[in-house]
Amino acid sequence: MVLAAVPSGTVVTYGQVAELAGLPRAARMVGRILGKLPKATQLPWHRVVNAAGKISLAEDSPSFKVQKARLQEEGVVLNKNRVSLKKFNWQP
DNA sequence: ACGGTGACTCGCA
DNA sequence: GTGCGAGCCACCG
């Protein structure tokens, strides 16, 4: 699983994940899969945000809060609902 | 089997 | 920054 390769403290966009998965424009698949994943999943789905660096969930969504909180725990800087998408070089 | 929908992204105006 | 249209693929009724 591509998501499993996401290091701690790093956020990736759906597009990034999709591309790494071999589906350059299938960002939707990533999101859809995440939603289908069991809550007991081992995948760091909370490290996945949209191209805007924003969590693609409703602020009133329980998952949203969890994701946000977890990201901060991992050391990811969050500005409101926006994460710092630094120029992180993805395993060059 | 078929069509609609969606935790999205990109290019263009 | 904001809006529109097109592309992607899997799940659900």
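Every heavy atom of this structure was used, including side-chain atoms; hydrogens, water molecules and symmetry mates were not. Sequence lines set the chain letters: A, B, ... in the order given, protein chains first and strands last, and positions in each chain run from 1.
In this structure, CE on A:M29 lies 11.0 Å from CG on A:L34, to the nearest 0.5 angstrom.
Evaluation of the salt bridge (charged side-chain N to carboxylate O under 4.0 Å, His left out) test over residues 5-29 of chain A, restricted to residues two or more places apart or in two chains, returns none.
Applying the side chain to side chain contact (heavy atoms under 4.5 Å, CB included) criterion to A:R70, with sequence neighbours excluded, gives A:H46, A:V66.
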Q.
The test is side chain to side chain contact (heavy atoms under 4.5 Å, CB included); show your working for A:V17 and A:L3 and say whether it passes.
A. CA-CA 7 Å; A:V17 177; A:L3 261 188; 4.2 Å; yes
Q: Report the C-alpha separation of A:V48 and A:V6 in whole Å, then their side-chain angles, then the decisive distance to 0.1 Å, and conclude whether the side chain to side chain contact (heavy atoms under 4.5 Å, CB included) test is met.
A: CA-CA 9 Å; A:V48 185; A:V6 181; 5.9 Å; no
For residues 73-81 of chain A, dump all side-chain donor-acceptor pairs below 3.5 Å to protein atoms at least two apart in sequence or in another chain.
{"unit_1": "A:E74", "atom_1": "OE1", "unit_2": "A:S8", "atom_2": "OG", "d": "2.6"}
{"unit_1": "A:E74", "atom_1": "OE1", "unit_2": "A:G9", "atom_2": "N", "d": "3.3"}
{"unit_1": "A:E74", "atom_1": "OE1", "unit_2": "A:R47", "atom_2": "NE", "d": "3.0"}
{"unit_1": "A:E74", "atom_1": "OE1", "unit_2": "A:R47", "atom_2": "NH2", "d": "2.6"}
{"unit_1": "A:E74", "atom_1": "OE2", "unit_2": "A:R47", "atom_2": "NH2", "d": "3.4"}

Let me have the donor-acceptor pairs involving side chains of residues 52-61 of chain A, under 3.5 Å, with sequence neighbours excluded, atom names and distances please.
{"unit_1": "A:S56", "atom_1": "OG", "unit_2": "A:N50", "atom_2": "ND2", "d": "3.4"}

Q. Where along nucleotides 1-13 of chain B does protein come under 4.0 Å, by heavy atom, of base (B) or sugar-phosphate alone (S), with - for untouched nucleotides?
A. -----BBBSS---
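On the nucleic acid side, DNA chain C contacts chain A at distances under 4.0 Å to non-hydrogen atoms, with the end points of that region at C:dG7 to C:dC12.
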